Amino acid sequence: DFKNLKWPMPHTHKNVELLSQTTVQSINLGEKVVSMSNKVSHHIVDLKYDFLVLAPGVATDWDAIPGMAEHVLDYAEFEHTKTLADLIFNIQVGVISVVICGKSFKCPPAPFELCCLLAELMRARGVRDRVKVRFICQADRSRLQETFFERFTERGIEVVTDCKPV
């Protein structure tokens with residue numbers, strides 16, 4: 001239910017502390033201490049840990065391709081999820097393109113999985129014959145796992161590789 005998405009995400013697990021809007025300044029593996037600065041207050045905090053899990057993320061470079069900031073919705077950006085959900089659940093005819101714009105991206109299998117999920121959703125909604133799903137990637141096809149392309153073929157997903165967005 002996309003209408004009830006909240007950020008920051010609530011958590012209810014005991015002894016779990018979610019720290020967002022922070023930057024890791026240093027990690028002392030010997031003493032098991034991580035120094036972090038808050039992006040808002042700029043205070044630096046030293047945190048002791050028994051186990052440390054970092055999710056450093058990947059920042060989208062909105063200036064990398066002219067027009068990207070004005071015309072692209074990033075499924076990995078929380079601020080875009082509601083708009084994307086509305087578009088995806090209401091499209092009746094057209095093309096949905098999933099484009100890998102750079103050499104690195106947040107979750108390597110995510111764009112491939114997204115294409116398959118979109119194709120299945122369009123089929124379930126009864127519009128698959130009118131909504132084309134397209135996967136576009138800069139990489140040479142030989143560098144990508146053939147398994148993904150087998151799944152794309154099964155689902156009628158168009159594949160465009162070895163290209164550079166302009």
Side-chain angles (χ1 to χ4, degrees), residues 1-13 16-24 36 38-40 53-166:
D1 182 5
F2 290 97
K3 294 176 187 139
N4 294 320
L5 288 175
K6 294 182 173 112
W7 189 260
M9 295 172 65
H11 62 82
T12 58
H13 301 287
V16 173
E17 186 175 4
L18 175 66
L19 301 173
S20 62
Q21 298 297 311
T22 58
T23 301
V24 173
M36 304 178 76
N38 183 291
K39 290 181 181 177
V40 178
V53 177
L54 295 176
V58 176
T60 301
D61 182 359
W62 292 103
D63 297 321
I65 299 172
M68 192 165 91
E70 296 82 19
H71 303 289
V72 171
L73 293 170
D74 184 346
Y75 65 91
E77 294 284 337
F78 180 79
E79 294 79 17
H80 295 180
T81 55
K82 171 82 170 82
T83 303
L84 276 168
D86 288 343
L87 291 169
I88 289 168
F89 283 101
N90 290 302
I91 189 170
Q92 296 298 315
V93 63
V95 178
I96 300 174
S97 293
V98 176
V99 183
I100 298 176
C101 295
K103 292 185 178 12
S104 64
F105 43 97
K106 294 176 174 114
C107 176
F112 300 94
E113 292 170 349
L114 178 61
C115 284
C116 292
L117 289 169
L118 287 168
E120 292 303 317
L121 177 63
M122 296 305 119
R123 188 173 338 285
R125 289 188 49 234
V127 296
R128 184 64 181 99
D129 59 328
R130 297 186 311 272
V131 177
K132 183 182 218 175
V133 177
R134 181 183 294 145
F135 172 79
I136 302 173
C137 179
Q138 293 181 42
D140 180 290
R141 183 179 173 132
S142 66
R143 296 185 56 218
L144 303 170
Q145 288 190 5
E146 197 58 35
T147 305
F148 290 119
F149 298 107
E150 291 168 12
R151 300 300 173 267
F152 285 175
T153 300
E154 291 168 4
R155 290 167 176 83
I157 299 168
E158 179 186 353
V159 177
V160 179
T161 58
D162 200 22
C163 65
K164 184 173 181 173
V166 290

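Because the structure is a prediction, the values reported are computed rather than measured.
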Practice task
Kindly compute the distance separating CD (Glu113) from CG (Leu118), expressed to the nearest 0.5 Å.
Solution key: 12.0 Å
Completion exercise
Residues pairing under side-chain hydrogen bond (donor to acceptor under 3.5 Å, both in side chains) where one sits in residues 122-131, two or more places apart or in two chains, turn out to be none
Practice task
Classify the angle between the aromatic ring planes of Phe149 and Phe152 as parallel (below 30°), tilted (30 to 60°) or perpendicular (above 60°).
Solution key: perpendicular
Completion exercise
Between Val93 and Ile91, the two heavy atoms sitting closest are O-CG1, 3.6 Å
Exercise for the section: Measure across Asp74 and His80 and return the closest heavy-atom pair with its distance rounded to 0.1 Å. Expected result: N-ND1, 2.7 Å
Handout entry: Candidate pair Leu121 and Phe89, rule side-chain contact (heavy atoms from CB on, under 4.5 Å), full reasoning
Key = CA-CA 9 Å; Leu121 177 63; Phe89 283 101; 3.8 Å; yes
Problem - Test side-chain contact (heavy atoms from CB on, under 4.5 Å) applied to Phe135 and Ile100, step by step - result: CA-CA 8 Å; Phe135 172 79; Ile100 298 176; 3.8 Å; yes
Practice task
Could you give me the CA-CA distance, side-chain angles and deciding distance for Ile157 and Val98, then say whether side-chain contact (heavy atoms from CB on, under 4.5 Å) is met?
Solution key: CA-CA 10 Å; Ile157 299 168; Val98 176; over 6 Å; no
Exercise for the section: Over all heavy atoms of both residues, which pair between Tyr75 and Leu84 is shortest? Give the atoms and the distance, please. Expected result: CA-CD1, 3.4 Å
Exercise for the section: Could I get the full list of side-chain hydrogen bond (donor to acceptor under 3.5 Å, both in side chains) partners for Arg155, not counting sequence neighbours? Expected result: Glu120
Fill in the blank from the handout: Correct closest heavy-atom pair for Met122 and Ile88 would be CE-O, 3.4 Å
Fill in the blank from the handout: Residue set satisfying side-chain contact (heavy atoms from CB on, under 4.5 Å) with Ser97, at least two apart, ordered chain then number -> Val95, Val99, Arg134, Ile136
